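Sending over a structure as structure tokens; questions will come in a sec.
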Amino acid sequence: MSENKIAVTLPDGKRLEFAGPVGGGEIAAAIGRGLAKAAVAVRVDGQVRDLATVIDHNASIAIVTRDSPEGLEILRHDAAHVMAEAVKELYPDTQVTFGPATETGFYYDFARSEPFTPEDLEKIEARMREIVKRDEKITREIWDRNAAISYFRSIEETYKAEYIGEIPDGAGISLYRQGDFIDLCVGPHLPSTGHLGQAFKLMNVAGAYWRGDPKNAQLQRISGTAWADQSELDRYLFQLEEAERRDHRRIGRELDLFHIGEEAVGSVFWHPKGWKLFRIIENYLRMRLDKAGYLEVKGPQLLDRSLWEASGHWEKFRENMFIAESRDDKVLALKPMNCPGHVLIFRNRLHSYRELPLRLAEFGSCHRNEPSGALHGIMRVRAFTQDDAHIFCTEDQVTAESIAFCNLLLSVYRDFGFDDVAIKFADRPPVRAGSDEVWDRAEAALRDAVQAAGLSYALNPGEGAFYGPKLEFVLRDALGRDWQCGTLQLDFVLPERLDASYVGEDGARHRPAMLHRAIFGSLERFIGVLIEHYAGRFPLWLAPVQIVVASISAEAADYAAEVARECAEVGLRVELDSGNEKITYKVREHSLAKVPVMLVVGRREAANRSVALRRLGGKDQEDLALGEAVARLKREAAVPSSS
RNA sequence: GCCCCGGUAGCUCAGCGGUAGAGCAACCGCUUCGUAAGCGGUAGGUCGUUGGUUCAAAUCCGACUCGGGGCACCA
């Protein structure tokens with residue numbers, strides 16, 4: 001009898017003994033009633049399992065609750081199953097395929113000849129809520145593989161049958177049953193559909209390929225969001241609204257920064273204020289690059305086909321290049337990248353090892369013929385400006401140059417208010433140029449460098465550039481969203497292909513290593529990120545219009561003009577509003593235009609030669625002498641890292 | 001590129017078989033006013049383009065185009 005005893009160890013080290021094999025639910029109940037209620041699964045020796053799992057050996061146990069990360073994932077996965085059940089009830093001719101949890105919810109891909117309409121989504125969501133109320137028990141069953149295949153074939157679920165056919169033979173096939181709905185699934189799942197709760201919402205329908213391959217059938221993906229409770233759901237929905245309010249396309253229009261039109265699909269028409277912002281950012285970075293020992297160059301837009309053939313782009317990326325023809329029948333391409341041009345500049349004369357590292361920088365206009373579906377505002381365009389540079393150096397210098405670059409990049413990001421930066425290391429992709437030996441060296445060198453810089457990184461396997469491994473720098477914005485902007489790529493291939501060399505200490509010619517690097521990636525995209533990060537409320541040094549001087553009545557108009565002149569004289573970007581609107585109207589108008597500072601002047605200020613300084617969104621103003629206000633604003637508007 | 005949804009005045013949107021409307025913005029007056037919308041008036045649209053159905057199309061159908069949400073892509 002005593003050998004049947006089961007002892008479980010809880011996360012806090014406490015041990016519980018049971019007379020025999022025991023279910024996860026019973027363990028939770030033994031610990032406490034509250035826990036039993038919140039329990040959705042059990043972790044047995046590190047593996048998350050159904051709550052009903054019977055533990056028949058001594059094990060370390062943790063009860064997974066619905067609000068834990070694992071619990072939430074199970075809940076979302078269940079939401080997908082409940083949705084599939086609802087869809088099968090409402091539209092029995094639909095086939096289910098695959099339906100996982102996502103970061104904020106879940107989706108399920110369905111095969112159905114009729115498209116799902118928004119009204120269908122409402123019906124499906126309503127049916128899901130019913131299924132939750134039915135509180136159907138969810139149970140796990142292990143089937144024989146062939147039995148499972150013929151079962152799914154018999155109910156005309158050909159995708160499921162196909163998928164099971166590819167699961168390796170052996171352990172049996174795990175199925176989950178809830179009500180009349182049976183789905184192939186490894187689990188784990190909630191004890192019953194009632195545990196899902198009602199904090200979910202269907203969001204949209206979209207196309208998705210079976211197994212992500214465009215050659216396969218296109219399925220209909222219904223996605224939703226699901227949370228542990230209603231307040232979490234509400235918070236998420238509010239976040240979505242906030243993201244919409246900050247959408248750079250909306251703010252770009254509201255602040256008159258740029259527009260995008262069908263006359264130039266995928267390109268940006270920069271308006272005066274947007275272009276001012278662009279130039280502020282470009283000049284800031286130019287200043288940083290000058291200080292960091294870069295040399296700015298400018299290469300041609302159109303380059304001959306032969307160069308792209310030599311670089312390898314013609315073979316690998318021609319689909320994405322805009323091709324042009326000259327009148328003497330030469331074929332040229334608009335550059336999609338700056339590197340071949342920089343190599344041509346480098347090898348235009350012989351270089352000594354004493355000149356290395358040589359850092360050639362360019363604000364390079366690049367054109368890439370992106371698929372139409374990929375375009376998105378100014379974030380993903382066909383014509384963009386890279387803050388590109390190529391560092392030609394010896395292999396020995398790679399580490400030091402990489403460290404210097406990482407530090408420069410982090411410092412630049414900080415100046416823009418981004419303190420949270422993640423790094424990914426992308427190693428060799430399946431399709432690549434260069435031998436495995438070269439890749440071994442390149443990957444090792446880059447990894448050494450990032451480690452030497454004292455930075456931690458996550459591996460991003462197979463995502464390197466075709467010519468070399470890369471570091472990707474991902475910044476997190478005010479809404480917690482990630483944006484990949486910066487990159488550092490090590491390349492031993494292109495110098496070889498385009499025959500770049502330098503004369504070494506030994507008098508012989510050597511191949512330089514080449515570091516491709518960008519901090520913003522694309523100026524257009526980075527500006528889009530900035531707009532959303534700041535919700536259009538730029539810090540003073542970035543704001544296209546820093547100050548509006550607004551007069552209260554016509555009497556103060558002359559003085560207002562003088563104030564504006566004083567501001568402009570010290571280099572502040574200022575506009576004058578001495579129109580005959582009421583001050584409340586002016587305050588509202590310039591607040592909506594997100595101008596950081598208003599200097600309000602009326603009869604009183606004109607008499608005292610002072611200004612009332614009002615900050616964007618502020619309630620009260622500060623009365624200052626004109627000279628003091630100007631001096632203070634000038635100080636505040638200083639470009640960071642400029643002194 | 002693929003699937004679904006959409007395109008009405010500069011912007012936000014109503015109209016959804018009987019021939020185009022509102023608010024804001026613009027323009028013109030009046031108002032000179034102390035911190036997020038003073039008042040009045042005027043002008044503005046071949047309803048994305050194009051073909052079809054109909055006595056009649058912004059409205060129904062097709063194609064194209066642009067945009068949106070995804071998928072795929074992202075050197």
Side-chain angles (χ1 to χ4, degrees), chain A residues 107 109 114-118 120-121 203-223 244 247 249-250 253-254 256 259-263 265-266 308 311-313 315-321 335-340 366 368-377 379-382 384 386 429 431-433 463-468 470 484 487 489 491 494 516 521-522 525 550-557 578-593 598-605 612-621:
Chain A
Y107 66 80
D109 289 345
E114 290 274 297
F116 288 110
T117 64
D120 291 338
L121 288 206
M203 304 301 283
N204 57 35
V205 207
Y209 303 108
W210 170 234
R211 301 183 151 187
D213 188 338
K215 289 197 281 288
N216 290 339
Q218 183 137 26
L219 309 168
Q220 298 185 65
R221 170 169 303 179
I222 304 181
S223 335
E244 205 179 312
D247 190 309
R249 293 163 298 188
R250 168 202 285 259
R253 186 177 55 239
E254 288 171 353
D256 196 19
H259 83 268
I260 291 186
E262 44 189 289
E263 302 83 356
V265 172
W308 302 113
S311 70
H313 290 88
E315 185 199 346
K316 296 224 157 57
F317 301 109
R318 193 164 137 203
E319 288 278 290
N320 292 299
M321 290 164 71
K335 64 174 176 181
M337 302 176 78
N338 308 297
C339 24
C366 294
R368 296 181 187 175
N369 198 350
E370 304 282 3
S372 59
L375 303 177
H376 178 81
M379 301 277 208
R380 188 81 185 270
V381 285
R382 287 183 175 148
F384 58 97
Q386 269 188 332
V431 182
R432 58 181 180 263
E463 293 295 318
F466 82 101
Y467 48 73
K470 61 183 179 186
Q484 203 234 294
T487 179
Q489 311 177 5
D491 181 3
L494 205 59
H516 306 240
S522 138
R525 181 177 148 84
S551 59
I552 289 177
S553 70
E555 284 174 88
S578 49
N580 72 346
E581 296 293 347
K582 286 174 67 171
I583 192 62
T584 52
Y585 183 90
K586 293 182 184 180
V587 165
R588 177 180 153 81
E589 192 176 28
H590 301 118
S591 296
L592 290 175
M598 282 185 74
L599 297 180
V600 178
V601 297
R603 194 183 308 164
R604 209 161 58 218
E605 286 77 11
L613 189 154
R614 184 191 205 280
R615 309 255 174 196
L616 175 58
K619 275 278 158 265
D620 31 49
Q621 80 271 8

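Treat the numbers as computed from the prediction; the structure is a model and nothing was measured. Order of the sequence lines sets the chain letters (A, B, ...), proteins ahead of strands, with each chain counted from 1.
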Proximity to the side chain of A:M321 - top-ranked nucleotide from B:A36, B:A75, B:A25: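 Of the options given, the side chain of A:M321 lies nearest B:A75.
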Between A:D213 and A:R211, is the closest basic N to carboxylate O distance under 4.0 Å?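 Looking at A:D213 together with A:R211, the answer is no, because their closest N to O distance does not fall below 4.0 Å.
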Need one value for A:Y107: base, sugar-phosphate or nothing, where a base atom within 4.0 Å counts as base even if backbone is also close, heavy atoms only.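 It contacts nothing in the nucleic acid.
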Do you know which two heavy atoms are closest between A:H313 and A:M337, and how far apart they sit?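 Distance-wise, the nearest heavy atoms are NE2-SD, 3.0 Å.
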Please report the distance separating the P of B:C55 from the corresponding atom of B:G40, rounded so that it comes out in whole Å.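 Rounded to whole Å, the distance is 48 Å.
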Under 4.0 angstrom, heavy atoms only, what part of the nucleic acid is A:Q489 near: base, sugar-phosphate, or nothing?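 Sugar-phosphate only.
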Need one value for A:A550: base, sugar-phosphate or nothing, where a base atom within 4.0 Å counts as base even if backbone is also close, heavy atoms only.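 If one applies the 4.0 Å heavy-atom cut-off, A:A550 turns out to touch nothing in the nucleic acid.
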Does B:A25 have its OP1 or OP2 closer than 4.0 Å to a side-chain nitrogen or oxygen of A:Y585?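 For B:A25, OP1 or OP2 has a side-chain N or O of A:Y585 closer than 4.0 Å.
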For A:L219, report the nucleic acid contact type (base, sugar-phosphate, nothing); a contact means any heavy atom under 4.0 Å.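 No contact.
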Just name whichever nucleotide pairs with B:C60, Watson-Crick or G-U, keeping both distances under 3.5 Å, else none.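 Looking at the geometry, B:C60 pairs with B:G52.
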Distance between C1' atoms of B:U50 and B:C11 (Å, rounded):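 These two C1' atoms come out 27 Å apart once rounded.
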Give a yes or no on whether a donor-acceptor pair under 3.5 Å exists between the nucleobase atoms of B:G34, that is its base, and the side chain of A:E605.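 By the distance-only test, yes, there is a pair.
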Is there a Watson-Crick or G-U wobble partner for B:G6 with both distances under 3.5 Å, and if so, which one is it?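 Matched B:G6 with B:C66 under the 3.5 Å cut-off.
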B:G62 versus B:A57 - spacing of their C1' atoms, nearest Å: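 Roughly 15 Å separates the two C1' atoms.
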Please classify the nucleic acid contact of A:A465 as base, sugar-phosphate, or nothing, using heavy-atom distances under 4.0 Å.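 Here A:A465 touches the backbone only, sparing every base.
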Checking base pairs now: Watson-Crick or wobble, both atom distances under 3.5 Å. What partners B:C74?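 Checking every strand shown, B:C74 finds no partner, since no pair has both distances under 3.5 Å.
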Can a side chain N or O of A:S223 be found less than 4.0 Å away from OP1 or OP2 on B:G70?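 No, outside the criterion.
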In whole angstrom, give me the gap between the P atoms of B:C33 and B:A20.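 That atom pair is separated by 46 Å.
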Upstream residue (5' side of RNA chain B) when A:G212 and A:A554 are each assigned their closest nucleotide: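 Residue closer to the 5' terminus by nearest nucleotide: A:A554.
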Please step through side-chain contact (heavy atoms from CB on, under 4.5 Å) for the pair A:V600 and A:Q621, ending with a clear verdict. CA-CA 9 Å; A:V600 178; A:Q621 80 271 8; over 6 Å; no
When both hydrogen-bonding distances must be under 3.5 Å and the geometry is Watson-Crick or G-U wobble, what is B:C11 paired with, if anything?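 Partner of B:C11: B:G23.
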A:D247 (side chain) donor-acceptor with A:E244 (main chain) under 3.5 angstrom: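 Side chain of A:D247 to backbone of A:E244, a donor-acceptor pair under 3.5 Å: no, none is there.
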Has the side chain of A:R614 got a donor or acceptor atom that lies under 3.5 Å from a matching backbone atom of A:G618?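 Indeed, once roles are kept as given, a pair shorter than 3.5 Å links the two residues.
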Among B:A72, B:A75, B:G34, which is the nearest nucleotide to the side chain of A:R603?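 From the listed options, B:G34 comes nearest.
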Gap in Å between the two C1' atoms, one belonging to B:G10 and one to B:G44, rounded: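 10 Å, rounded to whole Å.
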From NZ of A:K586 over to C1' of B:G38, roughly how many Å is that when rounded to an integer?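 Distance, rounded to whole Å: 13 Å.
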Nucleotide nearest A:R380 (side chain, heavy atoms from C-beta), chosen from B:A75, B:G69, B:C73: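 Of the candidates, B:C73 comes closest.
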Using a heavy-atom cut-off of under 4.0 Å over every strand shown, decide if A:E262 touches base, sugar-phosphate, or nothing.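 Answer is sugar-phosphate: A:E262 comes under 4.0 Å of backbone atoms only.
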Going by purine N1 to pyrimidine N3 plus the second Watson-Crick contact, or the G-U wobble pair, all under 3.5 Å, which nucleotide sits opposite B:C30?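 B:C30 is paired with B:G38.
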A:E315 atom CD, over 12 foreign heavy atoms within 6.0 Å: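 Open: at most 12 neighbouring heavy atoms sit under 6.0 Å from CD of A:E315.
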To the nearest angstrom, how far is A:N320 atom CG from B:A72 atom C1'?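 In whole Å, B:A72 C1' and A:N320 CG are 13 Å from each other.
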Can you tell me which nucleotide in B:U35, B:A72, B:G34 comes closest to the side chain of A:I552?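 The closest nucleotide is B:G34.
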Under 4.0 Å: is that the gap between some side-chain N or O of A:R614 and OP1 or OP2 of B:A36?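 So the side-chain polar atoms of A:R614 do come within 4.0 Å of the phosphate oxygens OP1 or OP2 of B:A36, strictly under.
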Length of the CZ-P vector between A:F384 and B:A75, whole Å: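 Nearest whole value for this atom pair: 10 Å.
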Classify A:P214 by what it touches in the nucleic acid, base, sugar-phosphate, or nothing, heavy-atom distance under 4.0 Å.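 Sugar-phosphate: the residue A:P214, judged by heavy atoms under 4.0 Å, touches backbone atoms but no base.
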Ignoring backbone atoms, test whether A:S372 places a side-chain nitrogen or oxygen under 4.0 Å from the OP1 or OP2 oxygen of B:G1.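 Looking at the OP1 and OP2 atoms of B:G1, one of them is under 4.0 Å from a side-chain N or O of A:S372.
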Atom-to-atom span, CZ of A:R211 to P of B:C71 - whole angstrom: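 Those two atoms, CZ and P, are 18 Å apart.
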Tell me whether the side-chain N/O atoms of A:R253 come closer than 4.0 Å to OP1 or OP2 in B:G10.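 For A:R253, the contact criterion (side-chain N or O under 4.0 Å from OP1 or OP2 of B:G10) is not met.
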Compare the minimum distances between each of B:A25, B:G70, B:G68 and the side chain of A:R221, then state the nucleotide with the smallest one.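 Among the listed nucleotides, the one closest to the side chain of A:R221 is B:G70.
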Apply side-chain contact (heavy atoms from CB on, under 4.5 Å) to A:K215 and A:Y209, showing your working. CA-CA 8 Å; A:K215 289 197 281 288; A:Y209 303 108; over 6 Å; no
What's the closest nucleotide to the side chain of A:V265 if the choices are B:C66, B:C74, B:A37?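 For A:V265, the side-chain atoms sit closest to B:C66.
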Along RNA chain B (nearest heavy atom to each residue), the more 5'-positioned of A:P118 and A:N204: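 That would be A:P118.
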Whole Å only: how far is the CD1 atom of A:I260 from the P atom of B:G68?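 Taking atom P of B:G68 as the reference, CD1 of A:I260 is at 8 Å.
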Could you tell me which non-hydrogen atom of A:E581 sits nearest to which non-hydrogen atom of A:K586, and how far apart they are?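 Closest approach of A:E581 to A:K586: O-CE, 3.5 Å.
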Once you apply a heavy-atom cut-off of 4.0 Å, does A:E114 come out as touching a base, just sugar-phosphate, or nothing?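 Counting heavy atoms under 4.0 Å across all strands, no contact is made by A:E114.
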From CD of A:E263 over to C1' of B:G67, roughly how many Å is that when rounded to an integer?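 Between C1' of B:G67 and CD of A:E263: 13 Å.
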Going by modelled atom types, is there a donor-acceptor pair between the base of B:G70 and the side chain of A:Y209 at under 3.5 Å?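 Answer no: no donor N or O sits under 3.5 Å from an acceptor.
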Reckon A:P371 touches a base, only the sugar-phosphate, or nothing at all at heavy-atom distances under 4.0 Å?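 The residue A:P371 makes base contact.
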Check every strand shown and say whether A:K215 touches a base, only sugar-phosphate, or nothing at a heavy-atom separation below 4.0 Å.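 Result for A:K215 = nothing.
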Same-atom distance (P) from B:A75 to B:C3, integer angstrom: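 The same atom, P, in both gives a distance of 25 Å.
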Could you work out which one of B:G69, B:G34, B:A36 sits closest to the side chain of A:K619?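 Looking only at heavy atoms from C-beta outward on A:K619, the closest nucleotide is B:A36.
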Out of B:G70, B:A72, B:G34, which has the shortest distance to the side chain of A:V600?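 Output: B:G34.
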What does A:K316 touch in the nucleic acid at a heavy-atom separation under 4.0 angstrom: a base, only the sugar-phosphate, or nothing?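 No contact at all - A:K316 keeps every heavy atom at 4.0 Å or more from the nucleic acid.
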Under 4.0 angstrom, heavy atoms only, what part of the nucleic acid is A:A208 near: base, sugar-phosphate, or nothing?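 The answer is sugar-phosphate, as A:A208 gets under 4.0 Å only of primed atoms, P, OP1 or OP2.
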Is any side-chain nitrogen or oxygen of A:H376 closer than 4.0 Å to OP1 or OP2 of B:G69?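 Yes, such a contact exists.
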Within the side chain of A:R382, is there an N or O that forms a donor-acceptor pair under 3.5 Å with the backbone of A:L375?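 No; zero donor-acceptor contacts below 3.5 Å.
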Atom C1', compared across B:A25 and B:A43: separation rounded to whole Å: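 Going atom to atom, C1' in each nucleotide, I get 13 Å.
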Which whole-number value in Å describes the distance from A:M337 CE to B:C74 C1'?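 Value for this atom pair: 12 Å.
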How long is the line joining CZ of A:R249 and P of B:U12, in whole Å?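 My rounded result for the distance is 12 Å.
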Write down the distance separating the C1' atoms in B:U53 and B:A63, rounded off to the nearest Å.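 Approximately 15 Å lies between the C1' atom of B:U53 and that of B:A63.
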Can you list the steps and then say if A:H516 with A:Y467 is a side-chain contact (heavy atoms from CB on, under 4.5 Å)? CA-CA 10 Å; A:H516 306 240; A:Y467 48 73; 3.5 Å; yes
